[in-house]
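Okay, so here's the structure we're looking at.
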Amino acid sequence: MKNKNSVKAPKDKKIEARKRDIAFRILTVIGVSLLLGIILRLSKIDDFNSVGDFFTGEIWLQILILSVLIATVLSTLYFYSIYVRSDLRKDKKLLPVLSVSIIITFALSLIFSIFINVYIAPLVLASLLVATLLDKRIGLVTTVLTSQAFFIAYIVVFGGEHLVDIAAAIITSMIAAIFLVCNMDRSGSRFKFTGIAIIVGLCTALIPVLLNLMTDRTNVVNMLMSGLWSFLSVVLSVALYMIFLPIMEYLFRINTVFRLGELCSLESPLLKRLAEEAPGTFNHSIAVGNLAELCADAIGESPQLAKVCAYYHDVGKLKNAEYFIENQKGYNPHDDLIPEVSVSMIISHVNASCELIKEAKLPEILADVAREHHGTTPVNYFLYKAQTYTEEDLDKIEFSYPGPKPQSKIAAIIMIVDTVEAASRAIQGLSSPDKFRAFIHKLIKEKADHGQFEECGITFKDLKTIEDTLVNILPSMYHARIQYNNPRE
Ligand SMILES: [Fe+2]
Ligand SMILES: [Fe+2]
């Protein structure tokens, strides 16, 4: 009886948690929709001469209709998000990110529409935030749904006097958003992205000009001004995006492509120190970064994240740079140390990396990968060296990294590529592509046999893809080192 209860309890807890989660999501959709419904209806301030005007049945019916419209948009976006990205189903940040992006965009679009004109409404903002913080596909659908919903709400509240202007503003925002979202990865930095925004803004500004040309050719000033406001709408959206993105990156602890790109900059203080104080480790980290980027891309993980993690995985070697072979120029301080001391110096770089990453307030994932990149593997060189001094079997754990084993596919990639890169000096003498493949395969298999990939969800298929990627790319990266002999010779 006791056993039955103890088995049932966790299941009940799971069901309870699931119910609470669903209730939280429903309440979020209702709360956000009602809030936006009220904001939209209140924005036509002329209708409210006294507090009592707000509490009439007619006003609340309009608020209800507007809220249902927003709830439909938010729910559709939510379901589309988990349809294209099933991993977001359990992500508690999904609905808050969608909600905050839509609230900010609607509120600012209302303010600019009321105080300037409808063309300058920064409707592109929501799609940019969603595309960066969640997924580009979701960002593209966000632009279609939010632009349409905003203008329907705008017509309901303010009337449809300037329908052509409203239609021109919708299509301009949607086209601009699509071009900007599709060019996000190419830009690489926030500065370049602003340049792309200016070009997109100039091109899309032609749309309202042409639409006005078709409907009212007599008012040239109006025609040109609509183009100018449309251009400013794109620039304003991108400017607001630059302001809100870091805030949302911080609030939701999300590493965006831009943040990762900036962390990869060789001007970043830790990397600069690494280049100056431990040049060997610096070169190793850059090489690991290039390989990890390709491997991550090949198995569908974030290439930018893999690259950043690789750049910072060994920063702890800064503390005792000369104790690591890649930084030594002739003299090896381990020659004067007993193996037990040597191994503790080597192993300590893992914790030192985590400390330096935390001190520099870098994303937590970098510290996680640094902590896990050697897993629980032994430092064989010093284990074998220590064994030569005694006939007793040594405790392998004392010569092993403390772990944990890689907890993510990115950490597993860094572990593999780190080993392969460090061993690349040995592949110089391999005489054929088959031998080279066998060498890479052996390195990966050793880690797998040692149980290092048990906790990170990486599959055999992923490992094979990583092996293929390394076999294809390494000869071109190290063409000076790897020279296959012609087997017929
Ligand atoms: Fe390391
Ligand atoms: Fe390394």
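Atoms within a ligand are numbered from 1 in the order they appear, just like the ligands themselves.
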Side-chain donor-acceptor contact under 3.5 Å, S268 with Y311: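 Side chains of S268 and Y311: no pair found under 3.5 Å.
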
Salt bridge (Lys or Arg N to Asp or Glu O under 4.0 Å) against E340, all qualifying residues, sequence neighbours excluded: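 For E340 there are no salt bridge (Lys or Arg N to Asp or Glu O under 4.0 Å) partners, ignoring immediate neighbours.
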
K464: salt bridge (Lys or Arg N to Asp or Glu O under 4.0 Å) partners, not counting sequence neighbours: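 Listed in chain order: D468.
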
Test of ring centre spacing under 6.0 Å for H313 and H349: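 Here the rings of H349 and H313 have centres that are no less than 6.0 Å from each other.
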
Aromatic contact, F106 with F150 (centres under 6.0 Å):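 Yes, close enough.
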
For the Fe ion (ligand 1), the closest N/O/S atom belonging to H349: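 Atom name of the closest N, O or S in H349: NE2.
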
E301: side-chain hydrogen bond (donor to acceptor under 3.5 Å, both in side chains) partners, not counting sequence neighbours: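 Once residues adjacent in sequence are excluded, E301 has no partner under the side-chain hydrogen bond (donor to acceptor under 3.5 Å, both in side chains) criterion.
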
For the Fe ion (ligand 2), every protein N/O/S atom that sits closer than 2.8 Å, waters excluded: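 Only H284 NE2, H313 NE2, D314 OD2, D418 OD1 fall inside 2.8 Å of the Fe ion (ligand 2).
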
